[in-house]
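Here is the structure we will look at.
Below, each value reflects all heavy atoms present in this structure, side chains not excepted, and no hydrogens, waters or symmetry copies. Each chain gets a letter, A, B and so on, in the order the sequences are listed, and its residues count up from 1.
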Number of protein chains: 2
Amino acid sequence: MTTKPLIDYFEKFLPLNEEEKSIVENVFKERTIKRRQFILQEGDVCKHNTFVVEGCFKMYMVDENGKEHNLQFAVENWWIGDIGSFHSEAPSRLYIEALENSIILQAKKEDQLKLFVEYPKFNRIFRVLAENAMVSLQNRILQNISSTAEERYLSFLEKRPQLFNRISNVQIASYLGVTPEFLSTIRKKIAKS
Amino acid sequence: MTTKPLIDYFEKFLPLNEEEKSIVENVFKERTIKRRQFILQEGDVCKHNTFVVEGCFKMYMVDENGKEHNLQFAVENWWIGDIGSFHSEAPSRLYIEALENSIILQAKKEDQLKLFVEYPKFNRIFRVLAENAMVSLQNRILQNISSTAEERYLSFLEKRPQLFNRISNVQIASYLGVTPEFLSTIRKKIAKS
DNA sequence: ATTTATCATTAAAATAAATCAAGATGGAAA
DNA sequence: TTTCCATCTTGATTTATTTTAATGATAAAT
């Protein structure tokens, strides 16, 4: 019963009855992923919606110069996936790679759609999830267009302290949109003050 | 029947029956908004979800130095609102201001919730809307962390050509996260090449 | 155990972008 | 018409950030 963390997660939004719990167990399949393994690569269609039970992932784009740009990290109790590709079934521009050995739960698109059609409660839960994600993304954009890199780094430390000890500064720099070298000078400046 | 554009909009996602069309007419109220008028101000709770029938709005934050940072524009057939504040009922940090004389349709929170509970179809439509919004926001973040201001401006012109002739460069600069002066030098450089 | 890759840091030079100050333009308003 | 205000532009200066290159430290691979 690895689906327990996911059921607990859903129940933070709306309580589930026994039937709904058992459909979650049927729809979401457990997978074990090793560090450095990919669950999505550029050019592939994103066929799964992924919930992280244990471990850590990054989702990133590779630009024309071969540089990686981290769009998102996901640790325990986070969702990750290229929703755009998942819905449109167009090839993704993104990679999703495990930063640690991980355990995930995945739903295939057709199963998740069935869930939405047959169990309206999940429709409601996923609407709220998407809206919450929108709010975080909007806040991140506001930060990006209004703050310096130093302010963005401080705010990242404040908002995601769990990640600070778990992810290398190279990865954090890529998420913030600065070079690792510049992040290093920012850290030096902060340490001094 | 100003709700017609909204009904047409919903039907691009899922067809509505007569009952559903009439509930849309009941829930969404028309308002006329003059240029420079606010429909949300910092400190207020965002009590409405807004659909733009005609006109143009900007949603922005004012930083500690008094500078405005545009998070979003909305023209015909776009939604605008501070979803975070709408859901949490916490005071908003954002302003929403009309850039032109406008006509909007607004639903109060309790009415919209009733819609979601009693007419599951709208739950589904709004889930898809939120997911689409997530995709655009993710793409914008990727752009912000991976591109120069010039690339961001060119991409804005390509993606939102309707806005190019309709919105001042000051507003576009604020949306891109650069100063109007620097946007001017970008434009000069592009014109030369 | 040794080699190899990744990571974090530093510094100098180069570029991107913000700030400051000023002038030109054109439409709105009196 | 004249005044006024917002917009756009320009150039000089300063600050933020990237690039390049080099180094020591650590972790991964052989």
Side-chain angles (χ1 to χ4, degrees), chain A residues 34-37 55-56 58 60 62-70 73 95 97-102 142-157 163-193, chain B residues 34-37 56 58 60 62-70 73 97-101 143-157 163-193:
Chain A
K34 290 219 182 100
R35 183 175 145 85
R36 283 169 208 265
Q37 192 179 336
C56 181
K58 63 173 173 178
Y60 60 93
V62 177
D63 70 20
E64 61 278 14
N65 305 314
K67 286 190 186 154
E68 297 182 7
H69 301 276
N70 287 340
F73 299 117
Y95 296 81
E97 182 184 342
L99 292 171
E100 305 171 1
N101 294 333
S102 304
L142 273 180
Q143 274 256 96
N144 279 336
I145 65 176
S146 69
S147 317
T148 64
E150 181 179 345
E151 290 166 328
R152 272 162 16 230
Y153 177 64
L154 286 170
S155 147
F156 176 82
L157 289 189
L163 293 182
F164 168 66
N165 301 311
R166 204 164 165 180
I167 293 182
S168 75
N169 287 324
V170 175
Q171 299 305 326
I172 293 174
S174 165
Y175 177 88
L176 296 174
V178 297
T179 59
E181 292 89 345
F182 188 54
L183 179 55
S184 192
T185 77
I186 289 172
R187 285 160 52 78
K188 190 169 120 190
K189 192 186 157 202
I190 290 171
K192 271 190 195 163
S193 61
Chain B
K34 289 218 181 97
R35 183 175 147 86
R36 284 169 208 267
Q37 192 178 338
C56 181
K58 62 174 173 176
Y60 61 94
V62 176
D63 69 20
E64 61 280 12
N65 305 314
K67 286 191 184 153
E68 297 182 7
H69 301 277
N70 288 339
F73 299 117
E97 182 185 342
L99 292 171
E100 305 171 0
N101 294 332
Q143 273 256 95
N144 279 336
I145 65 177
S146 69
S147 318
T148 63
E150 181 178 345
E151 290 166 328
R152 278 174 357 243
Y153 177 65
L154 287 170
S155 149
F156 176 83
L157 290 189
L163 292 182
F164 167 65
N165 300 310
R166 203 164 164 180
I167 293 182
S168 76
N169 288 322
V170 175
Q171 299 305 327
I172 293 174
S174 166
Y175 177 90
L176 296 174
V178 296
T179 59
E181 292 91 339
F182 189 54
L183 180 56
S184 189
T185 77
I186 289 172
R187 286 160 51 78
K188 190 170 123 188
K189 191 185 158 201
I190 291 170
K192 270 188 195 162
S193 63

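- Under the side-chain contact (heavy atoms from CB on, under 4.5 Å) criterion, Lys188(B) pairs with Lys192(B), sequence neighbours left out.
- From Lys67(A), atom NZ reaches atom CD1 of Ile145(B) across 13.0 Å, with rounding to the nearest 0.5 Å.
- The two residues Arg35(B) and Leu99(B) have their closest heavy-atom pair at NH1-O, 3.0 Å.
- Base engagement by Ser184(B) is indicated by at least one non-hydrogen atom pair under 4.0 Å involving a base atom.
- With sequence neighbours excluded, the residues that form a side-chain contact (heavy atoms from CB on, under 4.5 Å) with Gln37(A) are Arg31(A), Ile33(A), Lys34(A).
- Of the inter-residue distances, the one linking Leu183(B) atom CG with Glu150(B) atom CD reads 10.5 Å to the nearest 0.5 angstrom.
- For Asp63(B), the side-chain hydrogen bond (donor to acceptor under 3.5 Å, both in side chains) criterion is met by His69(B), not counting sequence neighbours.
- Think of the region where chain B sits on DNA chain C: with heavy atoms and a 4.0 Å cut, that region ends 5' and 3' at dA17(C) to dC20(C).
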Output a table of donor-acceptor pairs, distance under 3.5 Å, between side-chain atoms of residues 163-177 of chain B and any protein atom two or more places apart or on a different chain; print 'none' if there are none.
{"residue": "Arg166(B)", "atom": "NE", "partner": "Glu100(B)", "partner atom": "OE1", "Å": "3.4"}
{"residue": "Arg166(B)", "atom": "NE", "partner": "Glu100(B)", "partner atom": "OE2", "Å": "2.8"}
{"residue": "Arg166(B)", "atom": "NH1", "partner": "Glu76(B)", "partner atom": "OE1", "Å": "3.0"}
{"residue": "Arg166(B)", "atom": "NH2", "partner": "Gly55(B)", "partner atom": "O", "Å": "3.1"}
{"residue": "Arg166(B)", "atom": "NH2", "partner": "Glu76(B)", "partner atom": "OE1", "Å": "3.3"}
{"residue": "Arg166(B)", "atom": "NH2", "partner": "Glu76(B)", "partner atom": "OE2", "Å": "3.0"}
{"residue": "Arg166(B)", "atom": "NH2", "partner": "Glu100(B)", "partner atom": "OE1", "Å": "3.0"}
{"residue": "Ser168(B)", "atom": "OG", "partner": "Gln171(B)", "partner atom": "N", "Å": "3.4"}
{"residue": "Gln171(B)", "atom": "OE1", "partner": "Lys58(B)", "partner atom": "NZ", "Å": "3.3"}
{"residue": "Gln171(B)", "atom": "OE1", "partner": "Asn70(B)", "partner atom": "ND2", "Å": "2.9"}
{"residue": "Ser174(B)", "atom": "OG", "partner": "Glu68(B)", "partner atom": "O", "Å": "3.2"}
{"residue": "Ser174(B)", "atom": "OG", "partner": "Asn70(B)", "partner atom": "N", "Å": "2.8"}

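- Under the rule for a side-chain hydrogen bond (donor to acceptor under 3.5 Å, both in side chains), Thr185(A) has no partner lying at least two apart in sequence or in another chain.
- Under the side-chain contact (heavy atoms from CB on, under 4.5 Å) criterion, Ser184(A) pairs with no residue, sequence neighbours left out.
- Take Gln143(A) and apply the side-chain hydrogen bond (donor to acceptor under 3.5 Å, both in side chains) test, not counting sequence neighbours, and it matches Ser147(A), Ser155(A).
- Remark: Glu181(B) engages Thr179(B) in a side-chain contact (heavy atoms from CB on, under 4.5 Å) (not counting sequence neighbours).
- Neither OP1 nor OP2 of dT7(D) sits under 4.0 Å from any side-chain N or O of Asn169(B).
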Between protein and nucleic acid, restricted to nucleotides 16-18 of chain D and to nitrogen or oxygen atoms under 3.5 Å apart, what atom pairs and distances do you find?
{"residue": "dT17(D)", "atom": "OP1", "partner": "Ala149(A)", "partner atom": "N", "Å": "3.3"}
{"residue": "dT18(D)", "atom": "OP2", "partner": "Thr179(A)", "partner atom": "N", "Å": "3.3"}
{"residue": "dT18(D)", "atom": "OP2", "partner": "Thr179(A)", "partner atom": "OG1", "Å": "3.3"}

Nucleotide N/O to protein N/O under 3.5 Å, stretch nucleotides 27-30 of chain D:
none

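- Side-chain contact between Val178(B) and Tyr153(B): absent, with no pair of heavy atoms (C-beta onward) separated by less than 4.5 Å.
- Rounding to the nearest 0.5 angstrom, the gap separating the OG atom in Ser102(A) from the CD atom in Glu97(A) is 10.5 Å.
- Each end of the helix from dA8(C)-dT23(D) to dA30(C)-dT1(D) gets its own axis, taken as the rotation carrying the C1' atoms of four end pairs onto the next four within a five-pair window, and the two axes meet at 40° to the nearest 10 degrees.
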